[in-house]
Number of protein chains: 4
Amino acid sequence: MAAKKREKRDPQQRKADILGAAFALFAERGFAATRMEDVAIRAGIAKGTVYLHFPDKEALFIELVSGIASPILSQIDGLVQNEAIPPRLAVSIFYALFRREVLETERRHLLRLVLAEGPMFPGVTEFYHREIISKGLGVLRILLHRAARRGELRNPAVAEMPQLVIAPALMSIIWSTLFERYEHLDTQKLFDTFLDTLFLPERAAQ
Amino acid sequence: MAAKKREKRDPQQRKADILGAAFALFAERGFAATRMEDVAIRAGIAKGTVYLHFPDKEALFIELVSGIASPILSQIDGLVQNEAIPPRLAVSIFYALFRREVLETERRHLLRLVLAEGPMFPGVTEFYHREIISKGLGVLRILLHRAARRGELRNPAVAEMPQLVIAPALMSIIWSTLFERYEHLDTQKLFDTFLDTLFLPERAAQ
Amino acid sequence: MAAKKREKRDPQQRKADILGAAFALFAERGFAATRMEDVAIRAGIAKGTVYLHFPDKEALFIELVSGIASPILSQIDGLVQNEAIPPRLAVSIFYALFRREVLETERRHLLRLVLAEGPMFPGVTEFYHREIISKGLGVLRILLHRAARRGELRNPAVAEMPQLVIAPALMSIIWSTLFERYEHLDTQKLFDTFLDTLFLPERAAQ
Amino acid sequence: MAAKKREKRDPQQRKADILGAAFALFAERGFAATRMEDVAIRAGIAKGTVYLHFPDKEALFIELVSGIASPILSQIDGLVQNEAIPPRLAVSIFYALFRREVLETERRHLLRLVLAEGPMFPGVTEFYHREIISKGLGVLRILLHRAARRGELRNPAVAEMPQLVIAPALMSIIWSTLFERYEHLDTQKLFDTFLDTLFLPERAAQ
DNA sequence: GATGAATGAGCCTTCATTCAT
DNA sequence: AATGAATGAAGGCTCATTCAT
């Protein structure tokens, strides 16, 4: 078998390996039930090596949870810029993005992790509110107001409650990570149905 | 000479005390970070006494999480029975019930607890799906279909996606337990706006 | 063999056992090299039990080091009170006390411990200076001044350097704990010779 | 383009650097609390490099503690050789040497180090007794006997207790490393007073 | 020789659980 | 039944030492 001792590797890669291992374990068992040694084993390194990259368990958790969100955000920003994109399309792209980048990825467990461990790590929660929630809501608010102005919303008041648009996404995350094994939820249909509830049907030829 | 030791009490009451203490602590800190001794202290009894009522920490947690939901369920059932109640009113009562019995109670932490610890306790998750989610969705499905039949829904397809109705409730729970401290969310308005989105306005001049 | 499990005992006795075990081990190996588990084993209890009596290793060490000095102090105080005792006799009693209570006891290791670990525990050092050194020097200063006034000192200036009287005691401690095994030192003779150097011989019949 | 890595240097110098760094750290924190990595950093080299010069931490400590004493010894030896030097002057030179070479140097921590770690390193203690203590006492014994023969001692019996002469030196070391911060001790005066107690004043009119 | 990432034994401390009283 | 002192398995973290580069 492969000699596995003292394998030196690119530190960046090493760190990524650890984060990967930590992610899998934290997602599966939560913060407290994850042993640092297990993280090390899963990353294929020795116990002590983890501590060369992260000062302690909490730092590992926080870096993990904080680090994964950014790639999503950057993509969302693009949605508002282009005013040519019809609001409904933009929101549907938002959902599609969410499905592709979160729901159908292992990242979906990450969100559950934040929900689960949030109160124990106020810094993480605050980060998520500031960086993800707040920005996501901002984008949605703009899109919804644009739609309202264009008379495309069934209920224009929704524009002041962008949380309503996020709610199905949250539901899909929770369902997929907790209940999916007991009962399937068609998230595509979930989002589509919601879009149809939110937006007036396009009047064929107006 | 105050005899304070070996205070005997109704075992049922004793058990309820323990569950109450456990609830407060589990809700606040999660399963792992809650110490059995703290539960005992909060319940006003000695460490060992907890074990006279529950075989171990896990059993305590499971009984706790399983036991708290039922009172809500029974009230919800009533909503469907009476066909005289208009669907929109029924759903709004559903939300009101949710707000009064969950959101504005310490019980709101319960759902977060299930989210947080769910994967570690598949039995709990399964129980929640079977007893709460499934039944709640069933009730909502009936109400929505009734509304659809009466032509009160903006988008009748919603009747097949009762999860959409639960989504705002979920959002309100998560918001209140995680983000409320950073940004206030008016849950009353959240639900009302959603109801207005879901249901057609009552035809003023019918 | 004796069943040793779950032996309950007077907490005061328990604590004394732990302090005794800790004393032996700290004295022998120093703070860092003493394992808490060894303390427990030597005290005949389980690892965790130590922590029922002391919050951590440092607290154990500090209580140990701080607790043993007082009995000596009280006896010394008596020496100055009685002005009928001739100064030379008083100082020789001081040395005798020191030999009986420290040098020929296991307590002699304690002093070495303070010298050894002092810099790591400023609180302990400060305590020793304030409670032991300072008071001892005060007593000696009074005795020496009394002797000087009575013309019994070979060099009256010694009265302003009571540290000189403590020096042989320190030497005896260090010798006995470090070098005695290589070369014997007659501490009785050490102190007597010093006394003869300090005090003029009693003029037989003057 | 500054080539700073793999700086080669005279191995002897390298070793001296390590010993210097080790001394500073051992003296300040003791054996256990000194990390090999800190020694390396302070010596300006990499962690592994220390092990090219010393097989392990203990060897480094022993060589350090053993090596520092010799320079003092050689100077002391000279004191006895020259019989023209009056004993009192010789002893006062001994103290002066001690002050200059030990007390006012970082070397003063060395003795405390031997005290502190002695029992863990019997070899070191034995070495100190054999090389330093024994020799120092030998020299003092000769000087004191010389003085006794010349009738210069207040108490000739002191000649058989040279430890008494070392005692104030010990006291000064311990005071300076432990208590100086709480209360100043004038070591010059300490030694002078002791000399005046040991030796008869020079007979002005003989 | 020199480096410093990697290793893993070791130790402090916590806490669920037990059981003598 | 109730108590809480006692137990000991478990886990986070450190650091002396090794070794691939």
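For the numbers below, each heavy atom of this structure counts, side chains included, while hydrogens, waters and symmetry mates do not. In what follows, chains carry the letters A, B, and so on, assigned in the order in which the sequence lines appear, proteins first and then strands, with residues in each chain numbered from 1.
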Which nucleotide, [options], lies nearest any side-chain atom of [X]?
| X | options | result |
| --- | --- | --- |
| Y51(D) | dG8(F), dA16(F), dA6(E) | dA16(F) |
| D56(B) | dT17(E), dC11(E), dA6(E) | dT17(E) |
| H53(C) | dA2(E), dA6(F), dT13(E) | dA6(F) |
| T49(C) | dT17(F), dT17(E), dT7(F) | dT7(F) |

Just how far, in rounded Å, is [atom2] of [N] from [atom1] of [X]?
| X | N | atom1 | atom2 | answer |
| --- | --- | --- | --- | --- |
| Q12(A) | dA5(E) | CD | P | 13 Å |
| I41(B) | dA5(F) | CD1 | P | 11 Å |
| L52(B) | dT3(F) | CG | P | 9 Å |
| L25(A) | dG11(F) | CG | C1' | 15 Å |
| F54(B) | dT17(E) | CZ | P | 13 Å |
| F26(A) | dG11(F) | CZ | C1' | 13 Å |
| D38(B) | dG4(F) | CG | P | 15 Å |
| I45(D) | dT3(E) | CD1 | P | 7 Å |

Handout entry: Plane angle bin for F121(B) and F31(B) - parallel if under 30°, tilted between 30 and 60°, otherwise perpendicular
Key =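 Aromatic pair F31(B)/F121(B) classed perpendicular.
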Exercise for the section: Represent DNA chain E in dot-bracket notation, 5' to 3'. Only Watson-Crick or G-U wobble pairs with both distances under 3.5 Å count; pseudoknot-style crossings use [ ] and interstrand partners use |. Expected result: .||||||||||||||||||||
Problem - Any R14(B) side-chain nitrogen or oxygen under 4.0 Å from OP1 or OP2 of dA1(F) - result: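 For dA1(F), neither OP1 nor OP2 has a side-chain N or O of R14(B) closer than 4.0 Å.
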Problem - side-chain contact (heavy atoms from CB on, under 4.5 Å) evaluation trace for M36(C) with L60(C) - result: CA-CA 10 Å; M36(C) 287 299 265; L60(C) 172 57; 4.1 Å; yes
Within the distance-only criterion (no hydrogens, no angle test), does the side chain of [X] pair as donor or acceptor with the backbone N or O of [Y] below 3.5 angstrom?
| X | Y | result |
| --- | --- | --- |
| E37(C) | K47(C) | no |
| R112(A) | A27(A) | yes |
| Y128(B) | G123(B) | no |
| K57(A) | T34(A) | yes |

Handout entry: Most 5' of M36(A) and A46(C) on DNA chain F, judged by nearest nucleotide
Key =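 Comparing both residues, the 5'-ward one is A46(C).
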Handout entry: Upstream residue (5' side of DNA chain F) when A32(D) and G48(B) are each assigned their closest nucleotide
Key =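 The answer here is G48(B).
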Exercise for the section: With DNA chain E as reference, determine whether K57(B) or E37(C) sits nearer its 5' end, using the nearest nucleotide of each. Expected result: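 It is E37(C) whose nearest nucleotide is closer to the 5' end.
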Practice task
Assert yes or no for the condition that the ring centre distance of F61(C) to F54(C) is strictly below 6.0 Å.
Solution key: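 Distance test on ring centres: not under 6.0 Å, no.
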Exercise for the section: Describe the nucleic acid contact of K47(C) in one word from base, sugar-phosphate, nothing, applying a heavy-atom distance below 4.0 Å. Expected result: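 Base contact.
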